[in-house]
Amino acid sequence: MKWRGRQTSSNVSDRRGQGRSSRGLIGGGVGTIVIFILVALLGGNPMDVLNNSQFIDSGTPSEYVESAEEGELAEFSSVVLKETE
């Protein structure tokens with residue numbers, strides 16, 4: 001498929017580099033309860049899970065730099081979406 005130079009979709013929302021949401025772990029729910037129980041049963045401190053920086057968004061966004069390959073993949077996805085609309 002020759003996709004370069006074709007029209008792209010305007011219905012693409014690029015959210016790369018915006019950081020991840022801590023809502024899944026911090027917001028509660030069954031998953032959080034299961035994680036807490038597993039950590040407690042394995043002898044760990046469940047509060048360490050909350051203090052782990054990979055689960056909590058610190059609020060300081062890091063600067064996102066798009067590579068050439070990522071830009072090409074984003075454009076390809078937008079072209080394919082436009083073809084299916």
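The structure displayed is predicted, hence computed values, not measured ones.
Note that OG of S78 is 12.0 Å distant from CZ of R6, once rounded to the nearest 0.5 Å.
Screening residues 65-75 for salt bridge (charged side-chain N to carboxylate O under 4.0 Å, His left out), with sequence neighbours left out, gives R4-E72, R16-E66.
Nearest heavy atom pair, residue S9 against residue E85, reads OG-OE2, 2.8 Å.
For CD of Q7, the number of neighbouring non-hydrogen atoms (other residues, nucleotides, ligands) closer than 6.0 Å is 12 at most.
In the hydrophobic clustering, where aliphatic and aromatic side chains (Ile, Leu, Val, Met, Phe, Trp, Tyr) are joined below 4.5 Å either directly or transitively, V12 groups with L81.
Applying the side-chain hydrogen bond (donor to acceptor under 3.5 Å, both in side chains) test to T8 and every residue at least two apart in sequence or in another chain returns nothing.
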